[in-house]
Amino acid sequence: AMAEEAGCGGEGQYKEEAVQLGELGEWPCLQMPASLWLPQTSSGTSGDATGLRVYGGACVLVVFLSRFGSITRDRRVVELGAGTGFVSSFLLSRGLCAGAVATDGDPRAVALAARNLPPGGEARLLR
């Protein structure tokens, strides 16, 4: 696959990086280094590495949920299109949910999410 040829497919390509969360500080997450990230092409070719890095929207969501933790506390969370599993990992680690299932359609992202999730989390491939 094109992603593997570009050095994006192997597990050894992932690196723990600090994700900036504004007032919450930094949060570590295993993800593809920015230097290797290939954005999705308009044709959707296999060179796509979408989901292997934390997106800004995930950061906004965890800041919101940390302020309003009662929304998810004592509940199981399903994260659709989880990619790295950043949101589920954050919620579980902070005790903001009772459990989490991180799902994605990309087997690479599911494997990465599984590595990022603490106990109480699951990563599942959904197509």
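Sequence positions, counted from 1, serve as the residue numbers for this chain. Note that this is a predicted model, so its numbers are computed, not measured.
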Please round to the nearest 0.5 Å and tell me the distance separating atom [atom1] of [X] and atom [atom2] of [Y].
{"X": "L80", "Y": "L126", "atom1": "CG", "atom2": "CG", "result": "7.5 Å"}
{"X": "D106", "Y": "L52", "atom1": "CG", "atom2": "CG", "result": "6.0 Å"}
{"X": "L96", "Y": "D74", "atom1": "CG", "atom2": "CG", "result": "10.5 Å"}
{"X": "T50", "Y": "M32", "atom1": "OG1", "atom2": "CE", "result": "10.0 Å"}

At their closest point, which heavy atom of [X] faces which heavy atom of [Y], and how far apart are they?
{"X": "V110", "Y": "D104", "answer": "CG2-O, 3.6 Å"}
{"X": "Q13", "Y": "P33", "answer": "O-CD, 2.8 Å"}
{"X": "A102", "Y": "G85", "answer": "CB-CA, 4.4 Å"}
{"X": "A123", "Y": "L117", "answer": "N-CD1, 3.9 Å"}

Validation row: [X], [Y] side chains within 4.5 angstrom (heavy atoms):
{"X": "S66", "Y": "F90", "answer": "yes"}
{"X": "F64", "Y": "I71", "answer": "yes"}
{"X": "C59", "Y": "Q20", "answer": "no"}

Is the backbone of [Y] close enough, under 3.5 Å, to the side chain of [X] for a donor and an acceptor to pair up by distance?
{"X": "Q31", "Y": "V54", "value": "yes"}
{"X": "S93", "Y": "S89", "value": "yes"}
{"X": "R124", "Y": "T103", "value": "no"}

*What pairs of residues pass the salt bridge (Lys or Arg N to Asp or Glu O under 4.0 Å) test when at least one of them lies in residues 79-93, not counting sequence neighbours?*
none
*NZ/NE/NH1/NH2 to OD/OE distance under 4.0 Å, R115 and E16*: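 Looking at R115 and E16, the cut-off is not met.
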Report yes or no: do [X] and [Y] belong to one cluster of Ile/Leu/Val/Met/Phe/Trp/Tyr joined by side chain heavy-atom distances under 4.5 Å?
{"X": "V101", "Y": "V77", "answer": "no"}
{"X": "F86", "Y": "L91", "answer": "yes"}
{"X": "L61", "Y": "L92", "answer": "no"}
{"X": "F68", "Y": "V60", "answer": "no"}
{"X": "Y55", "Y": "V19", "answer": "no"}

*asked:* If the condition is side chain to side chain donor-acceptor pair (under 3.5 Å), which residues does E23 pass it with, not counting sequence neighbours?
replied: R67
_For Y14, the option from L30, T84, N116 that meets side-chain contact (heavy atoms from CB on, under 4.5 Å)_ = L30
